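Naming convention: chains lettered A, B, ... in sequence-line order (proteins, then strands); numbering from 1 in each chain. This is a predicted model, so every value here is computed, not measured.
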2 protein chains.
Amino acid sequence: MSKRKAHATANSPVRESVEPEQLGPTLLDDTLGYSLRRAQLQVFQHFTATMAVHDIRPAQFSALVVVEANPGVTQSALAQALGIDPPRVVNLIHKLEERGLALRVRCKRDRRSHGIFLTKSGETLLAELKQLALDSDRRATVNLSDAERTQLLALLQKVY
Amino acid sequence: MSKRKAHATANSPVRESVEPEQLGPTLLDDTLGYSLRRAQLQVFQHFTATMAVHDIRPAQFSALVVVEANPGVTQSALAQALGIDPPRVVNLIHKLEERGLALRVRCKRDRRSHGIFLTKSGETLLAELKQLALDSDRRATVNLSDAERTQLLALLQKVY
DNA sequence: TATTGTTATACTCTATAACTATA
DNA sequence: TATAGTTATAGAGTATAACAATA
C-alpha cells in the first residue's frame, strides 16, 4: 500500500503523523472554485507587489479605471459596476479624494447624487498605473501563451 | 461625441454627474487579475450558499479534503499544501476539532508535530460535502460546456 | 415614501511578530 | 540554535443596519 493511499482514521490503529515531501492532488484540483482562488491569489500577489510603490490596492485601481472611462459616474453606479456595496465605495473614493486623485461633484439636478471625476493628477498617475497593471498581469501569467491568455479571458468572462 | 467617450475631468467645464444604465467595458476586462477575481467571487458565492446549511467555509472544506487524502498530515505540511500561513491552520483545525470532524494526534517520534486525522463523523460529513461542492461548482459555471470547463481548469492550473 | 450617500458596526480573512515546547 | 505549533494582534476586506439629506 502506497503512503499516499494510507487509510488511517482517528479510530484505526495507525495514526502516526506524516509529513509527505509533496502532498498529492485531490478533488480540489477538479473544482473551478479552488483553482480560480489559487490562480487569482497568485495574480493579485504580483499586482499588489507591483503597485506597492504607489500604495494602490486592487479595488482602488479598478475604481480609477472605471471613473476614467465614465467621468461623472455616481457612487451607486460605480458600486454596481464593480460588484461591491455602496458603503465600500464611500471609503474607496474618500481615500482617492484625500490623495487628490479623484473628487466628488454634487449633481445639480439631483443634489443627492455625487458625480465622480479624476483630477489631472489622477489621470496622470492612472496612465502609469495602467501600464504597470498590464505588465504585472502578463508577468503573473507567464506560463500562458498569448492564445491561451485570450482563451482564459474569454472563459472567465463567460463564467461571470 | 458619445456619452461613453465624454472626456470631462475635474478641470474641464463639463462636470455633471452621470448615471449610465450600464457602464461599458474597460481595460479591466482585458486583465486576468480582474476577470479571475470576478469569476472566483461568483463561484465562491455559490459555494458559500450551498455549504451554509453545514456551516462550512471554503477554507474548512479544502482542509478536510486534504486531510482525508493525506491522513496524519502535519499542520505545517497542510499550510504549505493550501498555500496559507501556519497560524491560520491553527484556527482552522481547532474549529474542526471542536465540531468533532478532525483531531490532532501528537507524533511520537517528534513530539512537536501533530498529525491531523478525520474522525469517523468527519469522514461521513465530508462524503456529503464533496458531492455538494461538485454540484455547486457545476451550477456556478453552467454557462460553460463540459469541454470549456475542462479547458478552463487546465489553464488555471497552468497559471498557479 | 423612496433613494443617495453616509456612519457605525461587526465579522471574516489574512499577515506578522513573539512566545512555548520540543529537538 | 532551529523547528512545530501557538498566541496575540492588527490590518484589510466585506456585509448589514440605521441614519441624514434630498427627491
Contacts table for residues 151-160 of chain A: side-chain donor-acceptor under 3.5 angstrom, sequence neighbours left out:
residue: A:Gln157; atom: NE2; partner: B:Asp29; partner atom: O; Å: 2.6
residue: A:Gln157; atom: NE2; partner: B:Ser35; partner atom: OG; Å: 3.4
residue: A:Lys158; atom: NZ; partner: B:Glu148; partner atom: OE1; Å: 3.2
residue: A:Lys158; atom: NZ; partner: B:Glu148; partner atom: OE2; Å: 2.6

(message) In this structure, how many angstroms lie between the C1' atom of D:dG5 and the CD1 atom of B:Ile84, rounded?
(response) 14 Å
Hey, what are the protein-to-nucleotides 10-13 of chain D N/O distances that come in under 3.5 Å?
residue: D:dG13; atom: OP1; partner: A:Arg57; partner atom: NE; Å: 3.1
residue: D:dG13; atom: OP1; partner: A:Arg57; partner atom: NH2; Å: 3.3

(message) Which residues pass the side chain to side chain donor-acceptor pair (under 3.5 Å) test with B:Arg38, not counting sequence neighbours?
(response) B:Tyr34
(message) Checking one residue: B:Leu41. Which other hydrophobic residues are in its cluster under the side-chain 4.5 Å linking rule?
(response) none
(request) Calculate the interatomic distance between A:Arg104 atom CZ and C:dT4 atom C1'; express it in whole Å. (result) 12 Å
(request) List for me each residue that meets side-chain contact (heavy atoms from CB on, under 4.5 Å) alongside B:Thr48, sequence neighbours excluded, and say none if there are none. (result) B:Arg57, B:Pro58
(request) Tell me whether the OP1 or OP2 atom of C:dT6 has a side-chain N or O from A:His94 closer than 4.0 Å. (result) no
(request) Quick one: name the residues clustered hydrophobically with B:Val142, using the 4.5 Å side-chain heavy-atom rule over I, L, V, M, F, W, Y, and just say none if it's on its own. (result) none
(request) For nucleotides 16-23 of chain D, just jot down a letter per nucleotide in 5' to 3' order: B, S or -, based on protein non-hydrogen atoms under 4.0 Å. (result) BB---BBS
(request) Taking A:Thr26 for its side chain and B:Val66 for its backbone only, find out whether a donor-acceptor pair lies under 3.5 Å. (result) no
(request) Just grab all the salt bridge (charged side-chain N to carboxylate O under 4.0 Å, His left out) pairs involving residues 81-99 of chain B, residues at least two apart or on different chains. (result) B:Glu97-B:Arg104
(request) Provide, to the nearest angstrom, the distance between the CD1 atom belonging to A:Ile116 and the C1' atom belonging to C:dT6. (result) 13 Å
(message) A side-chain contact here means heavy atoms from C-beta on lying under 4.5 Å apart; do B:Arg138 and B:Asp146 qualify?
(response) yes
(request) Run through the side-chain heavy atoms of Ile, Leu, Val, Met, Phe, Trp and Tyr, join any pair under 4.5 Å, and report what else lands in A:Val90's cluster. (result) none
(message) Taking ring-ring contact (aromatic ring centres under 6.0 Å, His included) as the definition, give me every residue that meets it alongside B:Phe47, ordered by chain and number, with sequence neighbours left out.
(response) B:Phe61
(request) Give a yes/no on whether any side-chain N or O of A:Ser76 is located under 4.0 angstrom from OP1 or OP2 of C:dG5. (result) yes
(request) Compute the angle between the rotation axes at the two ends of the helix from C:dT1-D:dA23 to C:dA23-D:dT1, each taken over five pairs, rounded to 10 degrees. (result) 20°
(message) Tell me the interatomic distance from A:Leu41, atom CG, to C:dT14, atom C1', rounded to whole angstroms.
(response) 10 Å
(request) Keeping to residues at least two apart or across chains, list the ring-ring contact (aromatic ring centres under 6.0 Å, His included) pairs with something in residues 125-155 of chain B. (result) none
